[in-house]
Amino acid sequence: MTFDLRRARQDTPGCERVLHFNNAGSSLMPQPVLDATIAHLQLEAQIGGYEAAASAHDKIEHVYDAVATLIGSARDEIAIVENATRAWDMAFYSIPFKAGDRILTAMAEYASNFIAYLQVAKKTGVTIEVIPNDAHGQLSLDALRKTLDERVKLIAITHVPTNGGLVNPVAEVGKIAREHGILYLVDACQSVGQMPIDVNAIGCDMLSATGRKYLRGPRGTGFLYVRKSVLERLEPPLLDLHAATWITKDSYEIRADARRFENWETNYAGKIGLGVAIDYALQWDINITWRRIKNLAYMLRTQLSPLPGVIVRDRGVTQCGIVTFSVEDKTPEEIKQALSQHNINVSITSRDSTLLDMQARGLDTLVRASVHYYNTEEEIERFCQVVASLL
Ligand SMILES: Cc1ncc(COP(=O)(O)O)c(C=O)c1O
């Protein structure tokens, strides 16, 4: 099967207006996602919010099936929440840590996750240990194996860090976690929708993701996967009348499925939009779109690298659609502003989002240009021409 670029762009109204290399920020939504989200808002305005939710019951329930199909889980292992951070938090803060437990993570861990480790370490006395990188800049599997003991309570890593093309070897880590019976949490915020994700192939117990990035869903949507076999051991840090049922004056019962990590009120239009975004993603062959994303990013790195003063910063054996670079004598903010004058979107990744990795590499801020399958070879050429004109 070949990739139908014409269809991808026809389905994406934003393609006509902008050269969008900020897909790791928030992708351009395809028309069906836009239509479904707006239609539900209109229904709410016309017949009432509760009534609209009741009439869209099947579409709302379908979102769980869509996520389950996307990542190879069961529908009752899925919670739909407002973003990836909340998804990750609900899993992490549910783990019953005690003093002396060890949390293992990777160098390019995301700030929000690391802040949570620090908070829990302060409260409970767990230790946080960062597995060093291998020579390619990804988590070292040898170092991970060597440090394991019975005190390791959790391995928690980010699949694709926020600050570059690196893809951590999540399935290899999963194999090690399984062999030692250690809980394993994967932040797949930047990888879901970009590359094939199968929770059984990864071997994780929990996985968090967002809707707005490579899935091309609406902002303010995300989901959490929690494996059935660990679900009952995890008591959510926050409960409400959706996550639990009030039984008597002195008791409540937490629901049995992963919706124990949700709360009652939600953005139904966004949730429906997320379901449609996943259905839309599933219409494409993810192996083909993943290959295309990698090829486009490779092309971008290859064309940027020879430009005088430009340094491409991506690391890893497999490199994904996120391309980071710096430019001599220009700040990333200046580059971003100048590109924006040409109707080109990029974002900036800063030190405090992935502090350990950026510090270790002596970096402060970088330009982040992230491509999706609907971007074109011509856009890459135009992008590089504009960057060259700024030097
Ligand atoms: C690795 C990683 N994890 C989590 C998040 C947070 O996602 P959200 O904003 O949907 O909560 C991001 C956002 O950039 C991210 O890059």
Side-chain angles (χ1 to χ4, degrees), residues 21-27 29 67 71 78-93 105-118 130 137-139 155-170 173 184-195 197 202 204 206-225 261-263 266-267 270-271 273-274 277-278 313-316 319-324 332 345-358 365-372:
F21 282 1
N22 191 13
N23 295 290
S26 186
S27 283
M29 277 184 274
V67 176
I71 64 169
I78 301 301
I80 309 291
V81 291
E82 54 268 46
N83 54 52
T85 304
R86 181 43 43 93
W88 189 95
D89 281 345
M90 289 304 275
F92 176 71
Y93 284 101
T105 189
M107 283 294 285
E109 189 64 347
Y110 189 58
S112 298
N113 305 352
F114 212 94
I115 290 167
Y117 303 144
L118 291 170
V130 181
Q138 59 186 31
L139 173 145
I155 300 173
I157 62 167
T158 297
H159 193 184
V160 169
T162 201
N163 66 334
L166 178 75
V167 182
N168 265 318
V170 283
V173 172
Y184 180 32
L185 167 58
V186 173
D187 176 342
C189 185
Q190 305 229 107
S191 53
V192 163
Q194 183 174 186
M195 59 194 73
I197 299 286
I202 293 174
C204 56
M206 299 154 285
L207 178 139
S208 55
T210 197
R212 73 176 189 280
K213 298 192 182 212
Y214 277 87
L215 276 177
R216 310 181 64 193
R219 294 199 65 175
T221 60
F223 68 82
L224 171 66
Y225 155 79
F261 300 103
E262 297 180 348
N263 61 79
T266 195
N267 174 355
K271 188 165 179 171
L274 173 66
I278 296 171
R313 302 287 185 173
D314 301 311
R315 305 203 66 199
Q319 295 189 340
C320 70
I322 303 174
V323 177
T324 48
N345 295 342
V346 293
S347 64
I348 291 173
T349 184
S350 59
R351 203 164 83 118
D352 54 6
S353 290
T354 40
L355 185 71
L356 301 182
D357 176 64
M358 295 291 267
T365 46
L366 297 172
V367 183
R368 186 178 74 171
S370 44
V371 296
H372 213 319

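Fair warning: this is a prediction, and the values are worked out from it, not measured in the lab. We count ligands from 1, going down the list as the structure has it; atoms in each ligand are counted the same way.
- Here the side chain of Asn168 pairs a donor or acceptor atom with the backbone of Leu139 at under 3.5 angstrom.
- Of the protein's non-hydrogen atoms, Lys213 NZ, 2.9 Å is the one closest to atom 13 (C) of ligand 1.
- Using a distance-only test at 3.5 Å, with no hydrogens or angles considered, a donor-acceptor pair links the side chain of Arg368 to the main chain of Thr162.
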Below 3.5 Å, can you tabulate the donor-acceptor pairs from side chains in residues 212-219 to any protein atom, sequence neighbours excluded?
residue: Arg212; atom: NE; partner: Gly25; partner atom: O; Å: 3.0
residue: Arg212; atom: NH1; partner: Thr210; partner atom: OG1; Å: 3.3
residue: Lys213; atom: NZ; partner: Ala24; partner atom: O; Å: 3.0
residue: Lys213; atom: NZ; partner: Gln190; partner atom: OE1; Å: 2.8
residue: Tyr214; atom: OH; partner: Val371; partner atom: O; Å: 3.0
residue: Arg216; atom: NE; partner: Leu28; partner atom: O; Å: 3.0
residue: Arg216; atom: NH1; partner: Tyr373; partner atom: OH; Å: 2.8
residue: Arg216; atom: NH2; partner: Thr12; partner atom: OG1; Å: 2.7
residue: Arg216; atom: NH2; partner: Leu28; partner atom: O; Å: 3.1

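- The closest protein non-hydrogen atom to atom 16 (O) of ligand 1 is Thr162 OG1, 3.0 Å.
- For atom 3 (N) of ligand 1, the nearest protein heavy atom (residue, atom name, distance) is Asp187 OD2, 2.6 Å.
- When only non-hydrogen protein atoms are considered, atom 9 (O) of ligand 1 lies nearest to Arg212 NH1, 3.0 Å.
- Nearest protein neighbour of atom 6 (C) of ligand 1, counting heavy atoms only, is Thr85 OG1, 3.3 Å.
- Per-residue contacts place Thr210 under 4.0 angstrom from the following atoms of ligand 1 (heavy atoms of the residue considered): 10 (O).
- Which parts of ligand 1 touch Thr158 is read off a 4.0 Å heavy-atom cut-off, strictly below it: atoms 1 (C).
- Partners of Arg313 under the side chain to side chain donor-acceptor pair (under 3.5 Å) rule, at least two apart in sequence or in another chain, are Ser326.
- Among His159, Gln194, Arg315, Gln319, the one residue that satisfies the side-chain contact (heavy atoms from CB on, under 4.5 Å) test with Val167 is His159.
- Residue-level proximity to ligand 1 for Ala84 is carried by backbone and side chain together, each with a heavy atom below 4.0 angstrom.
- Side-chain N or O atoms of Thr105 include one that pairs as donor or acceptor with a backbone N or O of Ala156 at under 3.5 Å.
- Taking the six-membered ring for Trp and the full ring otherwise, the centers of Trp88 and Tyr117 sit less than 6.0 Å from each other.
- For atom 12 (C) of ligand 1, the nearest non-hydrogen atom of the protein is Tyr110 CZ, 3.4 Å.
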